[in-house]
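Only a predicted model underlies this, so the values are computations on that prediction, with no experimental measurement involved. Chain naming here is simple, since letters A, B, ... match the order of the sequence lines and numbering starts at 1 in each.
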Number of protein chains: 4
Amino acid sequence: MQKKIPEEKLQALRNTGISEFASKGLDGANINVIARKAGVSVGTIYNYFGTKENFFTACLEQAMKDLETALMEASAGDVPLLTRADRLIRAVQAYSRENIEVIRLYNEITSSSGNKMAGSLARKIESISSSAYKKTIREAARKGEIRSDVNVEYLAFFFDNLLTTLQFSYACPYYKERLKIYCGEEGLKDDDLMRKNLLAFMDAAFDPKGRTKK
Amino acid sequence: MQKKIPEEKLQALRNTGISEFASKGLDGANINVIARKAGVSVGTIYNYFGTKENFFTACLEQAMKDLETALMEASAGDVPLLTRADRLIRAVQAYSRENIEVIRLYNEITSSSGNKMAGSLARKIESISSSAYKKTIREAARKGEIRSDVNVEYLAFFFDNLLTTLQFSYACPYYKERLKIYCGEEGLKDDDLMRKNLLAFMDAAFDPKGRTKK
Amino acid sequence: MQKKIPEEKLQALRNTGISEFASKGLDGANINVIARKAGVSVGTIYNYFGTKENFFTACLEQAMKDLETALMEASAGDVPLLTRADRLIRAVQAYSRENIEVIRLYNEITSSSGNKMAGSLARKIESISSSAYKKTIREAARKGEIRSDVNVEYLAFFFDNLLTTLQFSYACPYYKERLKIYCGEEGLKDDDLMRKNLLAFMDAAFDPKGRTKK
Amino acid sequence: MQKKIPEEKLQALRNTGISEFASKGLDGANINVIARKAGVSVGTIYNYFGTKENFFTACLEQAMKDLETALMEASAGDVPLLTRADRLIRAVQAYSRENIEVIRLYNEITSSSGNKMAGSLARKIESISSSAYKKTIREAARKGEIRSDVNVEYLAFFFDNLLTTLQFSYACPYYKERLKIYCGEEGLKDDDLMRKNLLAFMDAAFDPKGRTKK
DNA sequence: GATGAATGAGCGTTCATTCAT
DNA sequence: AATGAATGAACGCTCATTCAT
């Protein structure tokens, strides 16, 4: 007897939220404005999400779901590590271009110093991609595609660090500028060049016959 | 000769600002509170800095100056690339432990999406370290310490990305949690292990005889 | 014959209302919460009562009905004034203990300054008990149980004042504290002592041979 | 070096508060409106009082101070109990006419069921008048002006009850209507009649030779 | 008739900024 | 130059009320 799932409505609401939170930040965004932009009343947002913070988290999770899916797909299949890395970088590049706001939102929480949620959000968001990356690296290690003198966990960590920074570099103002400082406008525009370089970097770093391997 | 004691007063003021901005964020921090904690009037802050945002920037720059000095020192001298990398990582580790607030402040601007200053701040802050890193890599390249198939600029970029993420991982709540997810408590505590792994990773990535170099 | 089960439903509804209004006050109580607690929809409350204020009044009247009945019973019968007073005090004491919420609700309107209904409610509620008290006193006067130098109406008024304050003193936080200040915890707990003292007080006040009667 | 005491400003502010709280109640009154009426900004009220509740308490205390003074004066001096009672009733009547709002404010807290402050407010407000009344009665008892079979504390309590109800009856809508129901318009207007009757009632009640005295 | 999702005016509170002293 | 009281726009959140189903 309950009303039909207003799931699509919620989706739309969250999408408006993503957009606002991504551009203004958690503090900067205004719930009343979000409501107006979403074509609903403030009350509705509060009926659904209870608090601004809750609503923010809900937006974030919706945003992250897509990103995760994209990354999961890219890291699926039984392919050589390099191929997988190539796919991942491509996915990151494509996604960052098309979903600037999601990346910005992600970047947003990444720096919520004054925020109690930082810890729990990290656990919620990072655990998924981290386990995927770890698995990927571990399998590659089993196949002998990877040097054995570096800890699998740390490799996955560095790997993620490089991908994450790349994402931010395509979507977030500060990182964007930083990328330009390092690589010029080209760094921002020439995706192939970036990918080629990053792949080479990673490949060498993983190389079982690499220098530090004695 | 009129300005009696301004500079040291300003320093103290900025330090209070750094502390507050680092823990509460730009939005979360309260100018009136900062003034009280610093033992001056709000009016004074406004006389000196004009706006909250300006004051924030001033705090940031003061904070960054120290960090830069630390990194510059670590990357000075005519030593092999690996040695330099080792020093840099040590510097990052030491600095992150002792100056959590500075790192957090840095992390703070890194994600100020809704902020006009992002761009100019990036230019002001990053250009220094980037030119140092580029120079370092370039020299290493000249000495044949580095693979030639990867662009120097991009190498420096990846290099910085790894160091920056490491900093954040030691100082910022979200990144801290993320590091734990990847490497466990150990990753946060065992600096030697982290350094060893990161060094190996970087070393291989730079290796002139690395895999992708055919 | 259409109205199937309305009255008992209404009763339940009002009882929930009494409970909420008694503990939160007219302003503090939340219609949506009341509806949830009563297991009906807000719409139902509005269908039945039109406005929050109306609903409050309805609750109040339901509550008052019980109280009135209790007091009426206590003041019935052809007994000496003192006996009647004794019964009334007992009734007030018993009722206040068992129906804290009703008393609080009564106390609530008693101080609704900003409220148009104050006047009409007073007329609705007080006229009943007042006429009973007046009749009681008048009969007592006819039997010579009462001094003739004090106006019957005023006597009834003072009489009611003492009973009403007593009620509040047993049920309402402020009055409770006040009673403790005057008579200590004992005043709150020793009903017999209170009754004995109040009876003596009243008895003397009514005494046809009292001091001011010259 | 501090600014001159803004005490008169605070007084004015509190007086505006008294007026609004008296007519609208704690919940009903609007801080923004009070600020406007007082000719200050909301911020100022919050600078001085911190919260609405605090401000309310401050208003209440200011209001109560006057009332207390009036009652203290009336109960001062070494005069027979009846004279004192006469003065007190006169004081109550005069004060209630001239300070309706204060009485209403007092009445307001008297019924704050949903309110944590009820207890502490009672202690703050009532302890003063109660100790004065107790002392009065105790002295009268020492002089043999008072019956010995009724507890001094309880006598003081009943005494206060009668005076308090009288106050409310002159100032608060509900009580006003109630008074009219008992005594007609006359009860509201003829202060002498009311005083005469109440005095007679009290006098008899206190009479050492009263009926219940065996 | 009953429902409960939606509404949006309204309120308490905060805080960057100003300016008279 | 320094102060800090005053300001008031702005915001998160509540809840009485409505109305489509």
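- For the segment residues 29-37 of chain A, the set of residues with a heavy atom within less than 4.0 Å of an atom of DNA chain F comprises Ala29(A), Asn30(A), Ile31(A), Asn32(A), in numerical order.
- Asn54(C) has its CG atom 14 Å from the P atom of dA16(F), to the nearest Å.
- Between the CD atom of Glu53(A) and the C1' atom of dC13(F) there is a distance of 14 Å, given to the nearest Å.
- Each of Gly39(C) and Gly28(B) has a nearest nucleotide on DNA chain E; the 5'-most of these lies closest to Gly39(C).
- Of the residues in residues 43-52 of chain A, those lying under 4.0 Å from DNA chain E by heavy-atom distance are Gly43(A), Thr44(A), Asn47(A), Tyr48(A).
- For the pair Ser41(A) and dG8(E), the criterion of a side-chain N or O lying under 4.0 Å from OP1 or OP2 is not met.
- Regarding Phe56(C), its CZ atom lies at a distance of 16 Å from the C1' atom of dA16(F), rounded to whole Å.
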(request) Walk me through it: do Glu20(A) and Asn30(A) pass the test side-chain hydrogen bond (donor to acceptor under 3.5 Å, both in side chains)? (result) CA-CA 8 Å; Glu20(A) 286 291 300; Asn30(A) 178 332; over 6 Å; no

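- With rounding to the nearest 0.5 Å, the separation of CZ in Phe56(B) from CZ in Arg14(B) is 14.0 Å.
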(request) Decide salt bridge (Lys or Arg N to Asp or Glu O under 4.0 Å) for Glu177(D) and Lys124(C); before the verdict, give the C-alpha distance in whole Å, the side-chain angles of both, and the deciding distance to 0.1 Å. (result) CA-CA 10 Å; Glu177(D) 191 65 31; Lys124(C) 224 181 283 186; over 6 Å; no

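- For Val42(C), the listed nucleotide lying nearest its side chain is dA5(E); candidates were dG4(F), dT7(F), dA5(E).
- One distance of note links SG of Cys59(B) with CD1 of Ile18(B); it measures 5.5 Å at 0.5 Å rounding.
- OP1 and OP2 of dA5(F) both lie 4.0 Å or more from every side-chain N or O belonging to Lys9(D).
- Counting only Watson-Crick and G-U wobble pairs whose two key distances fall under 3.5 Å, DNA chain E forms stems of three or more stacked pairs at E:2-21 with F:2-21.
- Side-chain contact annotation: Thr44(B) with Ser41(B), donor-acceptor N/O pair under 3.5 Å present.
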